[in-house]
Amino acid sequence: MTGGFVLRAEGLRVWNERNFRIDIDDLSVREGEVLGIIGHNGSGKTTLLLALAGLKKPDCGTLSFRGAPVDIHGPMTEYRSRLSMAFQEPLLLHATVFDNVAMGLRIRKMRGRELRSRVEEYCGLFNVGHLVKRQARTLSGGEARRVSLARAMAIRPDLLLLDEPFSSLDLPTRDALLNDFDGIAKKIGGTIILATHDRVEAMRLCTTLAVMNAGKIIQSGAPSEVINGPADEFVAAFVGVETIIEARVAEATSAGFFAEAGGVRIEVTGEAREGESVLLGIRPEQVVLSLSDNLCGTSLRNAFRGVITRTVNMGPHHRVTLDCGFPLVAYVAPHSKEELGLREGLEVTAAFKATAVHLVRKSAGK
Amino acid sequence: MDLIIEGLFQAFRLIAGLDAEVFSVSLLTLQVTLMATLISTVIGVAAGTAVALNEFPGRTFTVGLINTGMGVPPVVVGLITTVLLWRHGVLGRLELLYTPSAIIIAQVLIATPMVMGITLSSIQQIPRAFRLQVMALGASRFQMLWYLYREARLPLLAAIMAGFGSVISEVGASIMVGGNIRGHTRVLTTATVMETSRGNFDTAIALGIILMVLTYAVNYILSRIQQRGRQR
């Protein structure tokens with residue numbers, strides 16, 4: 001599916017007054033790839049995208065586009081004409097929807113029938129075809145985002161950069177837009193870099209993830225790799241590993257090891273040395289709760305009695321926090337919570353497989 | 001009341017009769033003020049944009065100077081221009097004093113800070129992200145500026161109108177550097193002052209009316225351009 005590099009950044013650094021705002025050793029995106037740059041607000045995602053888009057001069061580093069070096073000290077107009085970018089805010093012109101979607105095409109000197117048909121095509125794809133004559137300022141938030149995305153994609157750029165284009169929309173509007181965008185991106189193809197702080201959005205749209213923290217890429221790979229094998233504590237927390245336990249390896253076996261935390265022994269698959277301090281990550285959806293402590297006949301290698309300290313309704317599931325000697329988070333479906341009568345103060349058994357425990361490296365600086 | 005009515009009749013007679021002197025004074029007024037407005041627009045918009053888009057040491061000081069320039073009395077500008085163009089002044093060799101060019105120079109000095117100040121604030125009010133967005137769609141710097149001016153067209157045309165208004169209405173600088181020489185540097189404002197001081201109120205009113213009509217005509221054209229892209 002993917003071919004050669006469309007864009008590669010090496011040693012890319014942007015300073016602010018005191019330290020690096022971004023410090024990227026090596027980042028590349030291949031033909032047809034949808035690369036998700038995920039990280040919290042302020043992690044440097046926007047600065048990275050601006051630097052990749054030629055809108056912020058890096059202090060050092062190199063960019064190569066389809067194998068050819070980009071002169072980052074020049075105006076980069078030629079390079080920029082092959083990309084396009086949409087921001088978190090739609091930033092539309094005070095003009096009609098047509099004029100807005102036509103903007104990038106007019107910049108590229110497209111005129112007449114070709115311009116009209118291209119604008120109509122992309123307005124149609126984004127379901128704003130009926131709005132072409134409307135003034136942009138009269139659009140709703142969702143419509144404005146659609147116009148902004150249609151404008152960025154109508155150019156048919158070699159590389160599309162998106163800076164949180166789906167954020168701060170109400171849930172149904174966002175879901176509808178995400179669905180449509182996903183369909184359009186798959187239909188048209190193209191190479192995309194999407195910056196987002198929403199891991200669900202990233203997992204839904206991206207073929208590769210790069211997790212960013214404090215200006216650095218700390219892990220990149222296929223979504224399943226990043227989610228199931230978070231490189232460190234930060235990534236683990238970011239991709240939804242809600243339980244991270246500091247433990248000590250008590251006994252190494254041929255199949256894995258036993259680690260001790262809060263006076264209990266946890267069985268883990270993987271390699272660790274006896275006496276080593278480790279971090280163990282457990283995803284909440286992999287924890288099973290039961291009123292009985294009889295889990296004979298299952299492959300669940302870890303079972304602990306614990307008291308429910310908190311339950312929070314998250315909509316599609318309930319987030320249940322237990323004290324098992326260490327804090328443990330589990331997700332349960334609403335009807336399971338009802339059937340089991342789960343409430344704060346109730347003692348239950350929490351169980352999970354040895355393979356559900358991820359060995360997580362400590363984040364640098366911690 | 002009679003004075004005003006008589007003035008109106010006189011104005012009508014002068015205009016309808018295509019009085020040669022009134023015609024030449026009006027024409028010179030238009031030529032001088034339009035030229036001064038044009039030059040001020042080019043300098044003021046360019047410099048205002050440059051200050052709005054760039055960070056440099058002393059920027060706040062510069063903005064303060066521009067804003068002060070918007071309120072400098074025309075007589076002070078007239079005085080400075082006279083000193084500069086005086087026979088032994090820095091630009092004395094150009095022999096421009098008491099010529100229409102001298103009036104244009106003084107009026108440019110009056111109108112430029114006006115155009116610059118309004119341009120500065122109208123460009124500054126467009127978010128930086130908008131400029132990035134235009135560039136992110138592949139625009140060159142010139143194309144980005146074009147879109148920026150397009151977005152700020154209403155206040156930018158207001159800047160030009162303010163510049164034009166400040167020069168067509170000023171009299172102090174024109175008298176000082178032009179000398180109100182008949183057939184050479186007499187413009188509508190200086191002529192009105194002179195006729196009023198002589199007690200020729202009817203002629204002064206006539207000149208005042210012509211001045212108002214010319215001002216309205218130019219502003220009407222600028223307003224047409226400004227309101228063409230108005231959001232409804």
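Computed from a prediction, not measured in an experiment: that's the story for all the values here. We name chains A, B, ... by the order of the sequence lines, and we start the count at 1 in each one.
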Of all of A/Arg108, A/Glu89, A/Lys56, which one pairs up most often with chain B through heavy atoms under 4.5 Å apart?
A/Arg108
For a quick test of reading the model, state the closest non-hydrogen atom pair linking [X] to [Y] and the distance between them.
X	Y	answer
A/His94	B/Arg153	O-NH2, 3.7 Å
A/Leu91	B/Ala129	CD1-O, 3.4 Å
B/Phe130	A/Leu92	CE1-O, 4.2 Å

Could you tell me which portion of A/Leu55 (side chain, backbone, both or neither) has an atom closer than 4.5 angstrom to a non-hydrogen atom of chain B?
both
Which bit of A/Arg151 comes within less than 4.5 Å of chain B, counting heavy atoms only: side chain, backbone, both or neither?
both
Using heavy-atom distances under 4.5 Å, tell me whether B/Gln133 contacts chain A through its side chain, its backbone, both, or neither.
both
Against chain A, label B/Arg131 side chain, backbone, both or neither, depending on which of its atoms sit under 4.5 Å from a heavy atom there.
neither
With no hydrogens and no angle check, is any side-chain donor or acceptor of A/Arg80 less than 3.5 Å from a backbone partner on B/Ala139?
yes
How long is the straight-line distance from CE of B/Met135 back to CG of A/Leu50, given to the nearest 0.5 Å?
11.5 Å
Measure the CG-OG distance between B/Leu137 and A/Ser148 for me, rounded to the nearest 0.5 Å.
8.5 Å
B/Leu132 vs A/Met85 side-chain heavy atoms within contact, under 4.5 Å
no
Side-chain heavy-atom pair A/Asp99, B/Arg150 within 4.5 angstrom cut-off
yes
So does [X] have more than 12 non-hydrogen atoms from other groups sitting under 6.0 Å from [atom1]?
X	atom1	value
B/Tyr220	OH	no
B/Arg128	CZ	no
B/Met35	CE	no
B/Arg141	CZ	no
B/Glu95	CD	no

